[in-house]
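What follows is a set of notes on a single structure, which appears directly below.
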Amino acid sequence: MDRNFRHRLGRLAGIGGGLCSDDGGFASIVEKADPPGGRYLKADVLRYLFCLPRYHTNAVPWVRILTSAGHHVAVDVVETSVTENHALVSPNVMAPSALSRMIMRRRSSNIPNSPFSFPGVFSYWKRLQAEDPDVVIIRGVTRWFCRVAALCSILQGRRLVIYDQEDAKPSAWSGTWVRRAVFHGLGIPHFTSRLSPNLGPAKLGDAMSLPFGSPFEPARTEGLESRPLQWPPRILMVAKYRERKGHSLLLRALSAISSMPFSLTFCGEEATNADTAFCQALRREAQALGVADRLRFQNNIAHDDMISVFSVHDLLILPSRAEPAAVSPIEAAWAGCAVLMSRDSGTRYYMPEGAAFDFNPDDPQDIARAVARLIARPQDLGPARDACFARISSLASDDEILRLFETFGPGRARLHTRR
């Protein structure tokens with residue numbers, strides 16, 4: 001073991017130390033020097049590297065905000081998909097190592113996005129050196145690629161930040177709490193895309209909330225919140241074609257209020273035979289429920305073109321169960337849609353409070369109740385659209401998201417715990 005390697009191991013406890021308070025709590029207040037005009041000078045451009053299982057659409061807003069501010073962003077993944085948005089960044093696909101391929105074969109998981117898909121440590125070590133990022137942001141550590149990226153980042157002494165989609169304030173001694181506490185002990189900060197309704201003091205095991213923003217340039221969404229209402233109302237659901245997303249539940253709910261005028265669009269990715277079979281089953285179910293003439297599908301829409309889909313609908317509904325951090329409701333609200341979503345969704349707090357904006361995803365009658373209340377009259381749906389846009393724009397401004405990301409830069413920020 002050479003001296004440099006021993007030195008990196010010795011620095012393990014100090015990685016990210018500039019983002020931790022002296023008493024061991026994560027911050028609920030972030031302080032930093034205020035740069036001229038709210039932006040760092042060109043000499044202070046930072047290099048960010050996101051390490052993700054795939055370049056999910058929920059990372060696009062962050063990439064847009066960082067690149068718009070002049071920062072350099074790269075994205076490493078183990079998979080891409082047909083609807084991803086590569087307009088700003090083309091992700092680097094990490095080929096699995098020989099060991100990874102062997103493990104995937106033995107576990108019947110020989111697919112690129114397998115949890116066991118990872119590059120060789122030596123090859124990723126060289127990749128990290130070539131990219132030379134100031135900040136490495138890793139999507140959790142449950143997948144082997146993310147573990148390899150974290151290990152290489154730590155041993156190279158880089159600023160490492162962990163990101164997840166779990167509660168900002170999880171239950172003590174839960175798996176999320178333990179993982180975060182371990183990383184905190186190593187001086188590695190943690191953030192989540194979930195917002196917390198509890199604004200009390202930050203504690204061990206908590207993570208900083210860093211919200212999703214709009215993936216669309218502000219000029220493209222300007223005025224959409226005040227566009228004329230469509231009538232009869234046009235309902236939209238954007239989700240993968242998976243059972244847990246609740247397509248069938250929504251069809252059953254809408255069949256219960258079929259005397260009301262509306263149309264319904266399912267928008268998702270039809271990339272596999274299983275997806276196609278799922279869509280065909282939904283068509284048959286819609287026929288049996290008597291709503292097939294109101295249903296249409298818009299599949300495989302490029303993410304950068306989704307604004308054109310949102311802008312011709314009035315109401316987005318997402319009835320999925322235990323959704324970690326759905327981004328489609330946030331995108332829809334930015335595009336001027338009203339939003340109804342499951343009560344247990346991880347991004348529920350991005351929308352206004354109250355039963356008028358959520359429902360029990362296991363109860364089609366409760367979904368029908370929430371929908372009927374909004375589509376009965378234009379004078380009900382209009383204020384709901386306004387409320388959703390006002391809420392999202394107050395929580396997820398570009399400037400605030402940029403400020404939080406810039407605090408991760410070396411020597412940029414101090415985190416303090418409220419007492």
Side-chain donor or acceptor of Glu331 paired with backbone N/O of Ser214 under 3.5 Å: no

Geometric cation-pi criterion, Arg127 with Phe122: 6.0 Å, 45°: no

Ser117 side-chain N/O to Ser114 backbone N/O, donor-acceptor pair under 3.5 Å: no

Residues Asp380, Arg373: salt bridge by 4.0 Å N-O rule: no

Note: Asp206-Lys169 ion pair, threshold 4.0 Å (strictly below): yes

May I ask you to decide if Glu270's main-chain N or O and Asn300's side chain share a donor-acceptor pair within less than 3.5 Å? yes

State the SG-CH2 distance between Cys388 and Trp334, to the nearest 0.5 angstrom. 12.5 Å

Any sub-3.5 Å donor-acceptor pair from His56's side-chain atoms to Asn58's backbone N or O? yes

Looking at Asp132 and Arg158, does any basic side-chain N land under 4.0 Å from a carboxylate oxygen? yes

Salt-bridge present (Asp366, Arg343; N to O < 4.0 Å): yes

Could you tell me how the ring of Phe405 sits relative to the ring of Phe408: parallel (under 30°), tilted (30 to 60°) or perpendicular (over 60°)? perpendicular

Test item: Thr272 side-chain N/O and Asp275 main-chain N/O as donor-acceptor pair under 3.5 Å: yes

Could you tell me whether the side chain of Ser68 and the main chain of Arg64 form a donor-acceptor pair under 3.5 Å? yes

Answer yes or no: is there an ion pair linking Glu131 with Arg47, defined by an N-O contact shorter than 4.0 Å? yes

Parallel, tilted or perpendicular, judged at 30° and 60°: which one describes the rings of Phe191 and Tyr163? parallel

Parallel, tilted or perpendicular: which describes the rings of His86 and Tyr55, with under 30° parallel and over 60° perpendicular? parallel

Are Tyr48 and His72 an aromatic pair, judged by ring center distance below 6.0 Å? no

Assess whether a salt bridge exists between Arg220 and Asp304, defined as any Lys/Arg side-chain N lying under 4.0 Å from an Asp/Glu carboxylate O. yes

Is the cationic atom of Arg294 (NZ for Lys, CZ for Arg) positioned less than 6.0 Å from the six-membered ring centroid of Phe262 and within 45 degrees of its normal? yes

Knowing that exactly one of Arg180, Arg194, Arg348 qualifies, which makes a salt bridge (Lys or Arg N to Asp or Glu O under 4.0 Å) with Asp167? Arg194

Strictly below 4.0 Å, N to O, side chains only: are Glu406 and Arg403 in salt-bridge contact? no

With a 3.5 Å distance limit and no angle check, can you tell me whether Thr347 reaches the backbone of Tyr350 through a side-chain donor-acceptor pair? no

Which label fits Phe50 and Trp62: parallel for a plane angle under 30°, tilted from 30 to 60°, or perpendicular past 60°? parallel

Aromatic plane relationship, Phe278 with Tyr241 - under 30° parallel, 30 to 60° tilted, over 60° perpendicular: tilted

Should Arg391 and Glu353 count as an ion pair when the cut-off is N to O under 4.0 Å? no

